[in-house]
Participant: 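First the structure, which I've put down as structure tokens, then a few questions once you've had a look.
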2 protein chains.
Amino acid sequence: MTDTPAPSRPSPAVPECHIRKTGLLPEHITAFRREGVLAVRGLLTPAELEAAQEAAAGLIDDAWRTRSPHDTIWTLEPDDPDAAPVRIEYVMDKSPVLARLAGHPLLLGAMESLVGPNFIPTWDSMVFKTTAGAPRLAWHRDGQMYRDAVAVTGGGRVIDVGVYLDPAPEDNCVWAIPQSNYWDDERITETADRMNATEWDTTGAVPAVMEPGDALFHNILTLHGAPAVVGKQRRVVYYEYRPGEVERQLGPHTPEYVGLKQQVLRSCLEQRAAAEEHRGEEPFAYRPAEQYRLWDESPAISGLRFPHEEYWRW
Amino acid sequence: MTDTPAPSRPSPAVPECHIRKTGLLPEHITAFRREGVLAVRGLLTPAELEAAQEAAAGLIDDAWRTRSPHDTIWTLEPDDPDAAPVRIEYVMDKSPVLARLAGHPLLLGAMESLVGPNFIPTWDSMVFKTTAGAPRLAWHRDGQMYRDAVAVTGGGRVIDVGVYLDPAPEDNCVWAIPQSNYWDDERITETADRMNATEWDTTGAVPAVMEPGDALFHNILTLHGAPAVVGKQRRVVYYEYRPGEVERQLGPHTPEYVGLKQQVLRSCLEQRAAAEEHRGEEPFAYRPAEQYRLWDESPAISGLRFPHEEYWRW
């Protein structure tokens with residue numbers, strides 16, 4: 001046999017989609033599924049970006065002011081004078097702007113195409129670096145949740161979306177190893193251990209350079225990391241999505257969780273539809289299969305915070 | 001909460017894609033994943049259709065002439081005078097035309113978009129009705145292969161493609177129950193048992209009316225059946241596709257099988273590229289992730305027939 005015409009060595013760069021120019025095309029879907037990562041350029045309008053930046057700044061200011069450990073991860077115990085907050089959980093519940101952002105029609109349309117029609121939101125958080133500095137983020141996979149993780153999610157149906165509110169240049173961005181979403185556990189462990197044995201090794205990885213308003217989609221099985229950085233602010237809002245049928249049957253949350261998070265998604269859509277600034281926008285229509293319309297409208301949910309630990313199945 | 005703007009009751013018709021006019025769009029991908037079925041109109045050119053019809057007729061004539069049980073399913077024992085052949089296995093190996101058809105760029109592009117970049121061909125066969133008549137095809141799911149079938153394949157990553165060589169009007173076509181690909185085993189069994197208790201019950205089902213040259217994609221978990229028919233010929237070439245990572249990790253075939261069937265696919269592509277009648281066509285470029293380039297080029301395969309029973313893992 002002759003050589004295959006188009007071998008698929010891992011891509012030397014993160015595949016890109018300029019979503020407002022072309023929409024999410026089948027080739028973007030395939031590239032994401034193959035490479036495990038996709039840069040979506042210009043997801044937010046300038047006005048959306050500005051509103052999200054302001055909301056993010058408010059949440060970070062609250063963390064500094066209250067020094068509360070509630071839903072907030074600190075580098076040290078919060079009462080340590082050198083402690084800095086680095087992550088806030090359940091941001092949709094804490095900020096109406098970030099709830100409305102979670103109803104973004106281009107974002108949700110892409111999730112429907114990639115995750116499938118029964119997608120649900122699972123995690124929502126903000127991860128940020130303050131000018132005080134941030135340590136290296138070790139090479140890791142976000143999830144190892146199923147016994148046959150590669151078979152179930154290797155193809156890209158559990159997705160972490162990072163919406164960037166600040167620039168992430170090459171010396172301060174996430175690096176990812178294309179196609180590592182298909183690696184078995186042994187290769188992942190061996191590679192991560194080797195790369196993490198030095199301060200910053202990027203062998204086989206590509207930088208996900210991002211501009212404010214861009215979003216990085218990554219398969220939760222894709223191996224990724226980030227270098228240490230000092231003196232730079234960088235805020236990223238993360239939303240994670242999973243297929244309702246996978247969550248319902250395999251967990252890790254309880255079956256009840258699927259319907260509750262569908263109510264969260266519906267609430268975000270309603271809040272966005274009711275907002276003056278999104279008037280005239282074509283809203284996303286959430287249309288899971290009938291078997292996966294699992295929300296209970298009565299009683300309506302009273303907030304958007306459903307702590308994971310109250311819904312673990314295993 | 002108000003009603004969701006676009007509820008998703010199962011579709012009253014099979015969703016359609018006119019593939020030569022629009023390509024396979026993200027909305028077709030989502031519709032297939034939601035409904036579990038998609039009619040792809042006009043996949044074959046008139047010349048491709050004519051060649052496939054001729055090849056199919058030749059295979060059926062061979063069956064009648066030899067009355068061999070080899071790779072052929074008969075309604076009765078083949079030496080019974082009333083016996084009729086109804087299905088022939090491994091048609092790519094038996095007919096160069098059907099091998100080249102399996103290299104069809106529009107078909108394979110669609111499979112890459114739906115199944116993912118590591119897709120492999122699994123089953124290939126021809127199912128046909130002769131004018132002697134064919135009994136009702138009972139309501140069934142093609143596959144129940146994984147412990148959590150809905151989670152693994154409900155979203156449409158294991159696909160049966162039927163390429164129609166004859167018309168399939170409403171009284172002689174496959175009927176499918178949209179969204180039944182998401183039903184759990186209990187609902188499938190209860191529904192199939194109830195519907196199969198009468199000669200022909202189409203409650204909740206839609207007819208997949210097909211013209212020659214069309215292809216019907218169905219999720220192997222979608223519940224489907226067909227009415228009894230007399231006096232009509234209908235030939236359908238079936239190709240099934242699965243994600244290489246699912247087959248490799250979960251089976252049902254052995255891990256070795258994945259690479260062998262990738263060689264089959266590559267051979268089909270090479271045979272098509274070498275054929276005068278497909279000159280000038282943009283060939284499909286098979287580009288699985290590096291981890292799933294599992295074929296061994298030396299020795300090259302000597303045929304396209306890899307009997308399932310020699311490669312079962314369970």
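Every chain is numbered from 1 and lettered A, B, ... according to where its sequence line falls, protein lines coming before strand lines. All figures in this text were calculated on a predicted structure; none of them were measured in a lab.
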Participant: Against chain A, label B:Gln179 side chain, backbone, both or neither, depending on which of its atoms sit under 4.5 Å from a heavy atom there.
Facilitator: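 Contact with chain A: side chain only.
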Participant: Going from CG on B:Asp148 to CD on A:Glu245, what distance comes out if it is rounded to the nearest 0.5 angstrom?
Facilitator: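 Reported value, rounded in 0.5 Å steps: 11.5 Å.
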Participant: Could you tell me the separation between the CD atom of B:Glu290 and the CH2 atom of A:Trp183, rounded to the nearest 0.5 Å?
Facilitator: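 If I round to the nearest 0.5 Å, the distance is 8.5 Å.
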Participant: Could you look at A:Tyr292 and say if it's the side chain, the backbone, both or neither that has a heavy atom under 4.5 Å from chain B?
Facilitator: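 Looking at A:Tyr292, just its side chain touches chain B.
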Participant: At a heavy-atom separation under 4.5 Å, does B:Arg242 approach chain A through its side chain, its backbone, both, or neither?
Facilitator: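 For B:Arg242, neither part sits under 4.5 Å from chain A.
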Participant: Do you know which of B:Val150, B:Asn181, B:Leu269 has the most heavy-atom pairs under 4.5 Å to chain A?
Facilitator: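 The residue among B:Val150, B:Asn181, B:Leu269 with the greatest pair count is B:Val150.
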Participant: Using non-hydrogen atoms only, which part of A:Arg248 is less than 4.5 Å away from chain B: side chain, backbone, both, or neither?
Facilitator: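 No part of it gets close to chain B.
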Participant: How far does CZ of B:Arg187 sit from CD of A:Gln291, to the nearest 0.5 angstrom?
Facilitator: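 It comes to 5.0 Å.
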Participant: To the closest 0.5 Å, what do you measure between CD1 (A:Ile29) and OG1 (B:Thr30)?
Facilitator: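 Going from the CD1 atom of A:Ile29 to the OG1 atom of B:Thr30 covers 7.0 Å.
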Participant: May I ask you to check whether over 12 heavy atoms, not counting those of A:Arg20, lie within 6.0 Å of atom CZ?
Facilitator: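 It does: A:Arg20 CZ has more than 12 such atoms within range.
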Participant: So what's closer than 4.5 Å to chain B heavy atoms on A:Leu114: side chain, backbone, both or neither?
Facilitator: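 It is the backbone, since no side chain atom gets that close.
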Participant: Compare every heavy atom of A:Arg157 with every heavy atom of B:Arg157, then report the nearest pair and how far apart it is.
Facilitator: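 Nearest heavy atoms, B:Arg157 then A:Arg157: CD-CD, 3.9 Å.
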Participant: Provide the closest heavy-atom pair for B:Val246 versus A:Ala151 in the form atom of the first, atom of the second, distance.
Facilitator: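 Smallest heavy-atom distance, with atoms named: CG2-O, 3.3 Å.
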Participant: Tell me if a side-chain donor or acceptor on A:Arg33 pairs with a main-chain N or O of B:Asn118 at a distance below 3.5 Å.
Facilitator: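 Judged by distance alone, no pair lies under 3.5 Å.
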